[in-house]
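Worksheet: the structure to be examined is printed underneath.
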Amino acid sequence: MNRTAFEEGIRQSVAIYAASIDVPGVDVTSIRARAVDAREVGAPVARKRRPRLLTMAATTAVLLILALSAPAVIAGVQRVMQAFIVTNGQRVPLSVRTVSLDQARADMPFTVIVPAAIPTGLQPTIRELGSGANAHLMFAYSNGGSQLPGLTIMESAAGEPQPNMQFMESIGKHALPPPSALPSGQSAQMQWKLRGGQVLKRYKIEPIVWTERGTRVSILAAPSLTRAQLEAIRSAMQR
Amino acid sequence: MEIRSTLVAAAAAGHTEAADELLGSVWPDAYRIAWSVLRERTAAEDTAQEACAQVLAAISSLRSPERFSTWFYKIVVNCARAHLRRVERESRISIEPSHEGGARREDRIDVRRAIESLELDLRMPIVLYYYAGLNSAEIAQALGVSSVTVRWRLFVARGRLRPLLGLDGDDSHKTARGDYADESHSL
């Protein structure tokens with residue numbers, strides 16, 4: 001085999017190798033959101049306003065939320081979320097994609113149980129966290145008048161082990177804090193804090209968890225939703 | 001792979017549609033390069049997103065649109081390596097090679113196994129040279145090593161791949177030194 005044939009052989013092999021890698025669709029929304037963070041991390045100028053940051057940690061049945069600023073109504077607000085799997089106290093980032101319901105149905109390796117009987121005024125954002133057997137689906141409902149999430153519904157394959165997960169969300173055009181700034185413990189407590197540590201709200205939550213058609217469903221909600229409302233959601237999703 | 005300078009220039013000038021088009025065109029390469037380093041879908045997708053975000057955030061500072069490819073691949077490689085370092089440092093969770101999605105034909109499996117059997121230091125120059133179309137100087141810039149190192153790694157990687165890919169027919173150039181010297185000219 002001469003050199004040209006050899007070179008061409010490797011070139012073709014690498015082309016076959018590259019073609020064998022299935023490329024997921026590009027999520028321009030997520031990339032743009034991360035670009036905002038990248039710009040701000042690299043920007044040396046001081047910010048005029050304190051960042052509005054929301055930090056959230058959750059396991060299957062537990063949710064801990066820290067808000068690092070006062071909740072406020074922000075028109076056209078941009079929300080950026082990062083997700084982590086926590087193992088032995090270490091955080092490993094997961095990919096996060098904002099998707100449509102149809103896309104989630106196509107991507108998830110489990111049956112997507114569509115939330116139902118959601119109280120009016122709550123707007124959903126659907127996010128895929130991770131992929132493959134480790135994929136999780138998040139329906140995050142926020143009240144239009146508040147930046148704080150009013151209802152979160154998590155779904156994953158019931159047969160897969162459930163890792164500890166944490167979520168960190170930035171509201172507005174502000175950089176996310178480093179993962180080391182995340183709370184390290186797990187708690188059935190939800191709380192909102194001003195940047196600087198002043199606690200605005202603190203309350204316990206009682207998640208509702210069940211398995212539906214092979215899908216583990218967890219409902220986590222702020223106390224603004226009554227137990228009856230949550231049970232109505234569960235009942236509607238079990239149909 | 002050619003990225004049109006006009007598209008890069010338009011994206012750098014702040015044209016959203018051009019930036020979106022640019023993202024769409026570089027995304028497969030970002031993902032595949034990230035995959036070739038990390039070999040895990042979630043990590044590769046996260047890394048490719050991060051790289052594209054950095055490109056988007058800094059493209060207005062790119063002085064020479066014609067140098068976009070080298071700049072872009074450098075960012076992707078750096079993001080992938082950073083991810084690898086972070087995972088190794090912060091977690092006991094290891095990234096295992098996965099063969100999802102691509103194993104539709106036996107030859108693809110063999111090629112994939114062959115290329116992924118190379119150590120990262122050898123795999124990256126091969127992918128950047130034959131897939132991304134970078135020359136040794138550009139690969140050196142992307143990987144942060146010298147051009148001589150890149151040429152040597154390409155030489156070693158070719159030698160490893162030769163039998164694995166069934167490309168080891170009766171070859172006339174059997175002297176390693178001569179083989180390497182020829183390669184350095186060809187780059």
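Below, read A as the first sequence line, B as the second, and so on, with proteins coming before strands; counting in each chain starts at 1.
Interface residue B/Thr16: backbone and side-chain heavy atoms are both found under 4.5 Å from chain A. In this structure, chain B has no heavy atom under 4.5 Å from any part of A/Ala15. Residue contact with chain A, scored on non-hydrogen atoms closer than 4.5 Å, is absent for B/Thr47.
Counting only distance, with no hydrogens or angles, the side chain of B/Trp35 and the backbone of A/Asp22 share no donor-acceptor pair below 3.5 Å.
Inter-residue side-chain proximity for B/Val127 and A/Tyr17 is flagged as met; some heavy-atom pair is nearer than 4.5 Å. With a 4.5 Å cut-off on side-chain heavy atoms, A/Glu7 and B/Tyr130 count as touching.
The neighbour count for B/Arg67 CZ, taken as heavy atoms of other residues, nucleotides or ligands under 6.0 Å away, does not exceed 12.
The greatest number of non-hydrogen atom pairs below 4.5 Å with chain A, out of B/Ala19, B/Gly24, B/Ser36, is found for B/Ser36. Of the residues considered (A/Ser95, A/Gly130, A/Pro24), A/Pro24 shows the highest number of contacts with chain B, using heavy-atom pairs under 4.5 Å.
In terms of the side-chain contact (heavy atoms from CB on, under 4.5 Å) criterion, residue partners of A/Arg105 (sequence neighbours excluded) are, by chain and number, A/Leu101, A/Asp102, A/Val112, A/Val114. With sequence neighbours left out, the salt bridge (charged side-chain N to carboxylate O under 4.0 Å, His left out) criterion links B/Glu119 to B/Arg160.
Across all their heavy atoms, A/Val14 and B/Ile115 have their closest contact at CA-CD1, 3.8 Å.
With respect to B/Cys52, the side chain to side chain contact (heavy atoms under 4.5 Å, CB included) criterion is satisfied by exactly one of A/Val26, A/Ile31, A/Val28: A/Ile31.
A cation-pi geometry, defined here as NZ or CZ lying under 6.0 Å from the six-membered ring centre and within 45° of its normal, holds between B/Arg162 and A/Phe6.
Separating the OH atom in B/Tyr131 from the CD1 atom in A/Ile21 is a distance of 7.5 Å, to the nearest 0.5 Å.
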